[in-house]
Amino acid sequence: MFLSNKRFFLSLSVLLGTTIGAGIFGLPYVIDRSGIIPGFFYLLILGAAVTLIHLFFGEIILRTNEKYRLPGFAKKYLGKPGEILAVFSVLFGVVGSLLAYIILGGDFLKILFSAVFPSIGSPSSFWFVFIFWLVLSYFIWRGLKIIAPAEIFTNVLFFAAIFLILWFGLPQLDFSNFAFLSSANVLLPYGVILFSLVGWSALPEINDLLKSSAEKKEIKKIIILSAIIVIAFYLCFSFILIGISGKNISPDLFSGLLSVLGQKLVLLGVLAGVITLADSFLVLGLYLMNTFIHDLKFPGEMSFLIATGFPFLLYLLGLRSFINIIGFIGAFVGVIEGIIIILIFKKAKTLGDRLPEYSLKIPGWLLYFLMIIFVLGAISQLPLWNS
């Protein structure tokens with residue numbers, strides 16, 4: 001049984017830890033503003049679409065002998081233009097995600113520090129961002145052998161903390177706080193929700209964790225189980241927190257909960273936030289470093305410095321609004337990568353150089369339908385950026 005396989009749980013934890021990142025803290029806000037009907041519709045439809053993309057990428061990896069990341073797969077199956085587009089997409093997407101993580105992680109560390117040492121005052125957020133970035137960069141340098149075993153522990157802590165918040169907040173749920181539809185904001189959740197669902201960058205690392213062919217067969221189950229957990233969790237999380245906070249809900253989530261749940265529970269949530277942001281930063285940072293090493297043939301030290309240094313450099317240059325960053329990445333960079341993966345998937349079916357441990361039978365019309373959904377979704381976000 002796959003449930004007895006230690007590497008199965010390690011791999012599931014890596015995928016969950018990558019997927020559940022900064023996006024979760026913006027979900028209740030954007031769903032509340034759009035209304036729960038369109039918000040939950042986005043979660044279910046985009047959840048199904050992203051799950052398919054994950055399955056496509058998993059099969060691509062299993063059909064290829066080389067240990068590539070997305071740019072390497074794009075070069076092999078789509079040629080130089082595909083590689084260039086994938087490189088820029090991965091660079092901006094992953095660096096933007098890492099930037100969002102250090103911004104929010106630094107803010108959360110500041111909240112914790114101010115609560116534990118109230119007499120010291122309120123130090124600059126810069127130092128907490130710097131500490132968060134520096135410590136996690138060290139673990140990226142050490143590699144996945146440290147990261148992967150820690151994923152189970154940190155995921156358990158995160159879900160336990162969130163469960164306590166939801167449990168103690170549930171009695172305060174007020175159904176009058178729910179807005180079912182807001183036509184003015186019906187497009188708002190798309191980018192943030194898509195960002196919160198994407199975890200395909202973890203799949204090459206999962207493939208490295210699973211050694212034998214029998215273990216690699218479990219990638220399909222890992223992807224599907226992860227999707228079910230993530231979507232169900234997001235639905236419950238958003239529903240309860242919107243019902244608790246109503247119109248007091250804030251873009252950073254926790255400041256709007258202080259008056260409702262009190263400091264202790266909110267600080268527990270902040271701690272959970274630091275944990276999940278650290279998880280995602282570690283896996284994405286390693287993915288980006290390995291992209292430079294394996295796909296672009298950069299030296300290891302240079303790859304490490306670029307992967308970890310760019311996000312902090314952007315922070316120093318003044319890019320510090322995590323909501324704007326994740327909205328852009330979800331709506332545009334995620335769409336580009338999703339379409340690239342679909343195109344590679346079509347090519348790999350005939351040009352792959354090994355038999356995969358699983359093979360999907362997908363009608364051609366569904367692939368084009370998915371690409372249309374992604375393109376129309378990105379176009380729908382343009383008015384939000386112009387407003």
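- Follow the hydrophobic side-chain contacts under 4.5 Å out from F328 and you never reach L376; the two are in separate clusters.
- Rounding to the nearest 0.5 angstrom, the gap separating the OG atom in S125 from the CD1 atom in I111 is 9.0 Å.
- To the nearest 0.5 Å, atom CD1 of residue I340 and atom CG of residue L70 are 5.5 Å apart.
- Of all heavy-atom pairs between S303 and F292, the closest is OG-CB, 3.2 Å.
- A donor-acceptor contact shorter than 3.5 Å links the side chain of D353 to the backbone of N65.
- Distance alone, capped at 3.5 Å, places no donor-acceptor pair between the T19 side chain and the L16 backbone.
- Aromatic ring pairs are classed by plane angle as parallel below 30°, tilted from 30° to 60° and perpendicular above 60°; the pair F239 and F40 is tilted.
- Between the side chain of W127 and the backbone N or O of K110, no donor-acceptor pair lies under 3.5 Å.
- Summarising the local packing, NZ of K76 is surrounded by more than 12 heavy atoms from other residues, nucleotides or ligands at distances under 6.0 Å.
- In terms of modelled atom types and a separation under 3.5 Å, the side chain of S238 and the main chain of L235 share no donor-acceptor contact.
- Rounded to the nearest 0.5 angstrom, L314 CG and I102 CD1 are separated by 8.5 Å.
- Of the inter-residue distances, the one linking K346 atom NZ with L351 atom CG reads 12.0 Å to the nearest 0.5 angstrom.
- You'll find the side chain of I339 reaches within 4.5 Å of the side chain of V375, heavy atoms only.
- Taking 4.5 Å as the limit, some side-chain heavy atom of L166 sits within range of a side-chain heavy atom of L241.
- A distance-only check finds no donor-acceptor pair linking the side chain of K220 to the backbone of L55 [under 3.5 Å].
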I would like to know whether Y77 and T64 meet side chain to side chain contact (heavy atoms under 4.5 Å, CB included); could you show each step before the answer? CA-CA 10 Å; Y77 294 110; T64 309; 2.8 Å; yes

Test F312 against V129 for side chain to side chain contact (heavy atoms under 4.5 Å, CB included), laying out the working first. CA-CA 9 Å; F312 191 67; V129 171; 4.2 Å; yes

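- At a threshold of 4.5 Å between non-hydrogen side-chain atoms, the residues L366 and L52 count as touching.
- Among the candidates Y68, W200, F73, the single residue satisfying the ring pair (Phe, Tyr, Trp, His ring centres under 6.0 Å) test with F57 is F73.
- Residues Y234 and I20 are in side-chain contact: their nearest non-hydrogen atoms beyond the backbone lie under 4.5 Å apart.
- Contact detail for L282 and I140: the closest heavy-atom pair is O-CG1, 3.8 Å.
- Around CG of L317, the count of heavy atoms belonging to other residues, nucleotides or ligands within 6.0 Å exceeds 12.
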Go through the steps to decide whether L15 and L225 satisfy the test side chain to side chain contact (heavy atoms under 4.5 Å, CB included), and finish with yes or no. CA-CA 10 Å; L15 186 53; L225 181 57; over 6 Å; no

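- Every pair passing side-chain hydrogen bond (donor to acceptor under 3.5 Å, both in side chains) that includes a residue from residues 79-98 is listed here, sequence neighbours excluded: K80-E83, S89-E337.
- Taking all atoms of both residues into account, the shortest heavy-atom contact from I61 to P204 is CD1-N, 3.7 Å.
- Atom CG in L194 sits 11.0 Å away from atom CG in L43 (nearest 0.5 Å).
- Listed for the K217 side chain is no donor-acceptor partner under 3.5 Å among the backbone atoms of E357.
- Remark: W133 CH2 to Y138 OH distance equals 15.0 Å, nearest 0.5 Å.
- Residues L27 and F41 fall into different hydrophobic clusters, defined by Ile, Leu, Val, Met, Phe, Trp and Tyr side chains chained together at heavy-atom separations under 4.5 Å.
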Run the side chain to side chain contact (heavy atoms under 4.5 Å, CB included) test on L112 and F108 for me, step by step, so that the C-alpha distance in whole Å, both residues' side-chain angles and the decisive distance to 0.1 Å come before the verdict. CA-CA 6 Å; L112 290 172; F108 287 172; 5.6 Å; no

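- Between V50 and L197, the shortest heavy-atom contact is CG1-O, 3.5 Å.
- In this structure, F56 has its ring center closer than 6.0 angstrom to the ring center of F345.
- Of all heavy-atom pairs spanning I341 and I60, the tightest one is O-CD1, 3.5 Å.
- More than 12 heavy atoms of other residues, nucleotides or ligands sit less than 6.0 Å from atom CZ of F233.
- In terms of heavy atoms, A86 sits closest to A74 at CB-CB, 3.7 Å.
- When the side chains of ILVMFWY residues are joined at heavy-atom separations under 4.5 Å, either directly or via intervening members, I231 and I45 end up in two distinct hydrophobic clusters.
- Within the 4.5 Å cutoff, the side chain of V87 has heavy atoms near those of the P71 side chain.
- Here the side chains of L286 and M289 are in contact, with some heavy-atom distance below 4.5 Å.
- Within the structure, the side-chain hydrogen bond (donor to acceptor under 3.5 Å, both in side chains) test picks out the following pairs touching residues 41-60 (sequence neighbours left out): E59-R63, E59-K349.
- Between M371 and L343 the shortest side-chain heavy-atom distance falls below 4.5 Å.
- Hydrophobic clustering (ILVMFWY, side-chain heavy atoms < 4.5 Å, transitive): L44 and I372 are in distinct clusters.
- Under the 4.5 Å side-chain heavy-atom criterion for Ile, Leu, Val, Met, Phe, Trp and Tyr, L99 and F126 are members of the same hydrophobic cluster.
- Side-chain contact check for V335 versus Y190: some heavy-atom pair is nearer than 4.5 Å.
- Shown here is F178, whose CZ atom has more than 12 heavy atoms of other residues, nucleotides or ligands within 6.0 Å.
- Note on ring orientation: taking the six-membered ring where Trp is involved, the planes of F88 and F92 are parallel (angle under 30°, cut-offs 30° and 60°).
- For the pair E205 and R69, the salt-bridge criterion is met [side-chain N within less than 4.0 Å of a carboxylate O].
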